[in-house]
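As structure tokens, the structure follows; a few thoughts come after it.
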Amino acid sequence: MKIRFAVCMALLLQGLAFAGERAWAADALPKVRLFTTGGTIQSRASNRDKLMEYNDGPRVTPSELIADLPELAAVADVSYTEISNVGSGNIDTDKLLALARSVNAWLAQPDAAGAVVTHGTATLEETAYFLNLVIRSAKPVVVVGAMHPFSAISRDGPMNLYNSVRVAASREAAGQGVMVLLNDEIDAARDVTKNNTYRVDTFVSRDLGPIGFADSDRIVFYRRSLKRHTSASEFDVGNLKALPKVDIVYGYQEADRAAIDALIAAGARGIVLDDGATAFRDAVRDGQAKGAVFVQSDRKGSGRVLLSQAAAARGVVTADNLNAQKSRVLLRLALTKTSDPKEIQRMFNEY
Amino acid sequence: MRAARWIGAALLAFAAGVAVAQEIPRSVPPEAAPTGAAKLPHVVLMSMGGTIASRATDRLNITNYGGPGVPRVDPQDWIHDLPELAYIARVTTEDFRAPPGRAAGSEIYDDLVVVARRLNELAREPDVDGIVVTHGTNIMAEVAFYMNLVVKTHKPIVFVGSQRPWTGLSGDGPLNLYNAVRVAASKDAWNKGVLHCMNQNINAARDVMKTSAYRMQTFKGVDVGPLGFADPDRVVFYREPLRRHTFNSEFAGRAYPQVPDVEVAYGYQEAPGYLIDAMVAHGAQGVVIDGIGAGSATASQTEAIKRAQAKGVVVVMTTRTRSGRVQMTPRRAESHIVAGDNLQPEKARLLLQLALTKTHDIKEVQRIFDEY
């Protein structure tokens, strides 16, 4: 209860702080910076009908992205910082930390309005949730991608990017945490997941739905997340050069303990179980004896892993409705603070 | 009183050679009030009836229940059947059911006024911590939305119903009711407007909609999802709604015994304008066009809209797609049609009725549709 009050106060204060921060005059456009990491939105194929294996053309640079959208000039004063130009499978901890530091440095500038991050869609939800936990500002941060490459007919990237800049430049988006925007829908980073391999409507928040929409008439929000995020978050990666190793083990019929044992042997400090298996139980106990923390998530992709006395008695943290890849992100950050399962359970309840 | 009714029902059932179905698993009632019961939140359970208050003589009867001679579920029967409620709240009951014989779903506006007045009273009572309202599922979403606009409160008001009668095999009513009381008793449910809780989902009254005639997962937020869940471990909220409601509603805290007539005209190929003419001739001060696609009227409807507007009628456009927003476009603004956002037409109708008690100015009505 006390914690909830503290969170409310923090959210309130961050809202007030933001209201005071808005520095641009009525005639000056809001300053939005593009942080580019790559992905399909920056991929170019040899033919415009190539919607798979489309990386046979030169990568799209940040300045090309901006030059492709002269309409942005009416929305925001757009600049860019290139972090990388890779597919989301190649986003690693170094890049995540560099990205977080760059975005934080930008948003700390009084005249910065917001940030947009381009990203490959495959692990976009993980980066978005990571930023949601470590960005120390209430200003809007929008993570954007595309399902069709830059060169394709009916490419979705330009509209997604255009809308992302609109959201990052909008006052209504402040305090919403990190958002994901594709296909006109604004989703909360915590809740969104990639739901389809190739369709443009791939990003959905299965349990809770979007928080708003980027429509032609206006940016409109219907929901505000009650979970802790961004400036109300306790996590800080400002001085970190690495993050604890945490991996994921999938659960299925007759899954054995070998994967858990191997990860512990390889130095994992935490393991997320994406569903359970009978054989996991002993491996979990042995892993815990070596100091590893285990989080129980669920492969169904919707619904909560309930708080259970049985799990608590075994020292296993339950993931609420975070999927395994997001549980991994939170557990890594949690382990920068503590390895007490009770304290980590608190974090899983609050974030 | 209740015993007499039961005996009557039993005799009737006996004469017919059948018993009133009993499907709820037996439970051992608590021997005494749980310790600390006096400190539990006080939840008022108000019955507006519905399937959740209906019985059948056969537990497989889940479509043709109720009717003459079949006793309804009185509010006290719920308390009796759910002794577990005593552990989560001090539950008192109020009976606001329509008279027997009036079909479910045919509530008249006067019923809403009576209930809204009572909800406003209960909200002001310091000893009341939360309110549960049962309702038939067919129009409960719009009734809940109406209360969301006119009841001034920070306390939880939770609408609940069921898809199967109280006597139905694998009936959803008992768990829905139990969970609705849990939500109404929850501190986390305050300040979130009127809520709807069925099938363990907690939805906002503004956004929830009945999407299936008989499935138990019928209630969904079509564009935006639930606010939280009534799960076995706890009642948990992830979101709060940003549209104005209850304590923040300019319509809240007073009664609207009369509201202007507003009707809904559906959109389809060749939808004729004369239906709109007829509505206006019948006294409608507002018309909601549930238009096709992004919110369009047929040529015939468009002509009728102009005739209606010339008589001071306010026209709001919604979309029959049931998902997505009707946006404000320059052409729509030129035609003086209010964009209904993503409200379902039945909800747009109630909002327009309330708006028209204050203004007939199109810009002001548009502001109201943008904010609620």
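Hydrogens, waters and symmetry mates play no part in the numbers below; they use all other heavy atoms, side chains included. Please read all numbers here as calculations on a predicted model, not as lab measurements.
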Filtered by a 4.5 Å non-hydrogen cutoff, the part of residues 340-349 of chain B contacting chain A is B/Asp341, B/Asn342

If you tally heavy-atom pairs under 4.5 Å between each of B/Thr329, B/Leu227, B/Asn201 and chain A, the highest tally belongs to B/Leu227

Between B/Gln327 (side chain only) and A/Asp217 (backbone N and O only), is there a donor and an acceptor less than 3.5 Å apart? yes

Honestly, the part of A/Arg190 sitting under 4.5 Å from a heavy atom of chain B is side chain

If you tally heavy-atom pairs under 4.5 Å between each of A/Asp191, A/Asp207, A/Leu208, A/Leu306 and chain B, the highest tally belongs to A/Leu208

So which residue, B/Gly225, B/Pro232, B/Gly324, B/Pro241, ends up with the most heavy-atom pairs under 4.5 Å with chain A? B/Gly225

Residue B/Lys192 versus chain A: region with a heavy atom under 4.5 Å: side chain

Can you tell me how far apart CZ (B/Phe237) and NZ (A/Lys227) are? Round to the nearest 0.5 Å. 12.0 Å

How many angstroms lie between CG in B/Asp370 and CZ in A/Arg218, if you round to the nearest 0.5 Å? 4.5 Å

Note, B/Arg206 side chain near A/Tyr222 side chain (heavy atom, < 4.5 Å): yes

Pairs of heavy atoms under 4.5 Å with chain A: top-ranked of B/Met328, B/Glu240, B/Arg243: B/Glu240

Using every non-hydrogen atom in the two residues, find where B/Arg239 and A/Ala188 come nearest and quote the distance to one decimal. NH2-CB, 3.9 Å

Criterion salt bridge (Lys or Arg N to Asp or Glu O under 4.0 Å) on B/Asp223 and A/Arg223, from CA distance to verdict: CA-CA 11 Å; B/Asp223 268 350; A/Arg223 295 281 188 267; over 6 Å; no

A/Asp184/B/Arg325 ion pair, N-O < 4.0 Å: no

Evaluate the side-chain proximity of A/Gln309 to B/Asp233: yes if any heavy-atom separation is below 4.5 Å, no if none is. no

Contact class of A/Phe221 relative to chain B, heavy atoms under 4.5 angstrom: both

Separation of B/Phe229 CZ from A/Asn321 CG (nearest 0.5 Å): 6.5 Å

